[in-house]
Amino acid sequence: MMSTYDDSASVPSLGKADDLHQQVLASFPLCQLTEEDLTQHPLFCKLLATLSQHVDRTGLTVTLKKELEKAERDLQTQRLSWLCSESMYRLLQEMIQEHCVRKHHSTVAPEDDTFYETVKQCLVVAQCVRQLDPSATASQDQPPVLGLSAQQVLELMPQEQDVWKMKQRLPRELEKHLKKKCFSVLCYYQPEWEDESEGLKNMKLSRLSGLLEREKKKAESLKEKSRESASLLQRQTHCYLSELLGCIQILQSLILDHRLKAQKELDRKKIDYFEAKCEIIMQKIRAEMLEIQLDTYTADTISAHKKIREKLETELNASQLEKQSVECKLSSFEIFGKEFEVLAEEYSRLRQEIDTKSWALKEFSQHTD
C-alpha cells in the first residue's frame with residue numbers, strides 16, 4: 001500500500017502535467033513521443049524530465065558535449081591548417097604549370113625560369129621530406145623509405161642564393177596569381193564586370209565574399225524550403241492517397257448498391273427475353289411438327305385417293321363395257337316391243353350411273369391436283 005501511495009503521489013497534477021509534458025517533448029525532439037504516451041506512462045515521463053537536466057536535445061551528457069565541442073574545434077583548426085597548406089601547394093603547382101605553358105609557346109626571361117625551377121625543386125623536396133617523416137602514430141623503429149632520411153633529401157635543395165631570391169619574389173607572384181584568380185571568379189559571378197577597370201574590380205572584389213555569403217545563405221534557405229516543401233508534399237500526397245482510397249471505397253459501395261438495385265430489373269428483362277425466345281422456339285417447333293403431320297396426312301390422303309381413283313376407273317371401265325354390251329343388245333333387239341323398252345330403261349340406268357361415276361372421277365382428279 002505504501003508503494004501504491006508513493007506512485008500516486010509522484011504523479012503531478014493536471015496543470016503541472018501539461019507543462020511537464022511540453023518540457024519533456026521539447027527536451028527529446030528526436031524521440032518519437034506523443035503527449036498521449038506521456039499521459040499513459042506518468043512515471044516514465046517523470047524519469048525523462050529528470051534525465052533532461054543531465055543531457056541535451058541530442059541525448060549527449062554535458063561532459064561529453066564539452067568534449068565533443070573541443071574535439072570539433074581541434075578538428076576545425078587542423079582542417080583549416082590543412083586547407084591552407086593544400087591551397088598553397090595547389091596554387092604553386094598552377095603557377096609552375098602556367099610557366100611551363102608560357103615557356104612552351106614563347107621565350108621567357110632567365111630569372112623567371114630560375115625562379116619557377118627553384119619553386120618546383122623546393123616543392124618536390126618538401127613533399128619527399130613529408131613522406132619520409134614518420135607520423136606520431138607510426139613506429140619509430142620502422143625502416144625509412146628507400147633507406148633515405150629527411151636530412152639526406154634536404155641536401156637536394158637549390159642553392160641558398162636562389163632560395164633567398166625565390167622567397168623575396170614569391171609573395172608578389174602569389175599575390176599576382178591570387179588576384180588573377182579572384183578576378184576570374186568575379187567575372188564568372190558577374191560577366192558584365194569583365195571590362196571594368198582594375199580599381200573598380202578591386203573594390204567589388206572586397207565585397208565579393210559578402211555577396212557570396214549572402215548567396216550561400218539564400219541557397220541554403222531555398223534548400224531548406226525545398227526540403228520543407230518536399231516534406232509537405234509527401235504529407236499532402238499521403239493525405240490525398242488516403243482520401244482517394246476512401247473515395248474509391250465509397251464509390252465501390254455505391255456501385256455495388258446500384259448493381260444490386262439494377263440487378264433485379266436486369267434479371268426481369270432477361271427472364272422476359274428468355275420467355276419470348278422460348279415462345280418463338282416453341283412456335284417454330286409446333287410449326288415444324290404441324291408441317292410434318294401435314295406431310296404425313298397429305299401422303300396418306302394421296303395414297304387413299306389413288307386407291308379410290310383406281311377403283312372408280314375400274315368401275316367406269318366395267319360400266320362402259322356393260323354399256324357397250326347393252327347397246328349391242330339394243331341394236332339386236334330393236335325389233336322387239338316390250339322387251340326393247342325394258343332394255344331401254346336398263347340402258348338409261350346404266351347411262352346415268354356412268355355419268356355419275358365420271359363426274360365423281362373428274363371431281364376427285366381436280367381435288368387431287
Side-chain angles (χ1 to χ4, degrees), residues 22-33 47-96 119 122-142 144-145 150-151 153-154 167 170-186 188-189 202-231:
Q22 297 300 326
Q23 177 185 351
V24 171
L25 293 176
S27 299
F28 298 96
L30 300 180
C31 299
Q32 297 180 355
L33 294 174
L47 176 62
L48 291 178
T50 305
L51 187 62
S52 64
Q53 299 176 3
H54 303 281
V55 298
D56 62 355
R57 294 168 60 89
T58 61
L60 296 176
T61 62
V62 177
T63 305
L64 185 59
K65 180 69 174 179
K66 291 180 179 179
E67 293 178 357
L68 180 61
E69 290 177 351
K70 182 177 181 301
E72 288 179 350
R73 288 195 298 270
D74 294 341
L75 178 61
Q76 189 70 19
T77 302
Q78 294 293 333
R79 182 181 296 174
L80 183 60
S81 177
W82 180 84
L83 285 175
C84 291
S85 301
E86 185 69 15
S87 300
M88 182 63 68
Y89 174 76
R90 294 189 180 186
L91 189 62
L92 293 174
Q93 288 287 350
E94 289 179 3
M95 293 170 59
I96 294 172
V119 173
C122 290
L123 285 178
V124 172
V125 171
Q127 189 174 8
C128 292
V129 170
R130 187 176 61 180
Q131 294 292 333
L132 293 174
D133 186 19
S135 62
T137 58
S139 175
Q140 297 294 332
D141 298 333
Q142 185 177 5
V145 180
Q151 187 63 34
V153 175
L154 286 173
K167 289 182 179 181
L170 185 59
R172 296 192 302 273
E173 294 294 333
L174 285 174
E175 182 181 1
K176 180 180 177 181
H177 191 72
L178 284 173
K179 184 180 292 186
K180 180 180 177 181
K181 290 179 69 67
C182 290
F183 286 163
S184 299
V185 174
L186 181 65
Y188 176 80
Y189 179 72
N202 288 330
M203 183 183 65
K204 292 182 178 180
L205 189 62
S206 62
R207 296 180 297 182
L208 181 61
S209 59
L211 293 175
L212 294 177
E213 185 67 22
R214 285 194 295 272
E215 291 287 341
K216 181 180 179 182
K217 290 181 179 179
K218 183 179 178 181
E220 290 177 352
S221 177
L222 292 175
K223 189 176 181 181
E224 183 65 24
K225 289 181 179 179
S226 177
R227 284 196 296 265
E228 293 177 357
S229 300
S231 178

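Nothing fancy with the numbering, it's 1 onward along the sequence.
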Can you list the steps and then say if Lys66 with Glu69 is a salt bridge (charged side-chain N to carboxylate O under 4.0 Å, His left out)?
-> CA-CA 5 Å; Lys66 291 180 179 179; Glu69 290 177 351; over 6 Å; no
Any sub-3.5 Å donor-acceptor pair from Ser87's side-chain atoms to Leu83's backbone N or O?
-> yes
Is the shortest heavy-atom distance from the side chain of Lys217 to the side chain of Ser221 under 4.5 Å?
-> no
Rounded distance (nearest 0.5 Å) linking atom CZ of Arg73 with atom CG of Leu68 | 10.0 Å
Once you round to the nearest 0.5 Å, how far does CG of Leu174 lie from CG of Leu170?
-> 4.0 Å
Ion pair Glu86/Arg90, N-O distance below 4.0 Å | yes
Are the side chains of Leu91 and Lys181 in touch, meaning some heavy atoms are under 4.5 Å apart?
-> yes
Neighbour count >12 (heavy atoms, 6.0 Å) for atom CD, Glu175 = no
Working to the nearest 0.5 Å, report the span between CE of Met95 and CD of Glu173.
-> 5.0 Å
CZ of Arg79 to SG of Cys84: how many Å apart, nearest 0.5 Å?
-> 13.0 Å
When rounded to the nearest 0.5 angstrom, what distance separates CE in Met88 from CG in Leu178?
-> 7.0 Å
Could you grab the distance from atom CD of Glu220 to atom CG of Leu222, nearest 0.5 Å is fine?
-> 10.5 Å
Report yes if the side chains of Cys128 and Val124 come closer than 4.5 Å at any heavy-atom pair, otherwise no.
-> yes
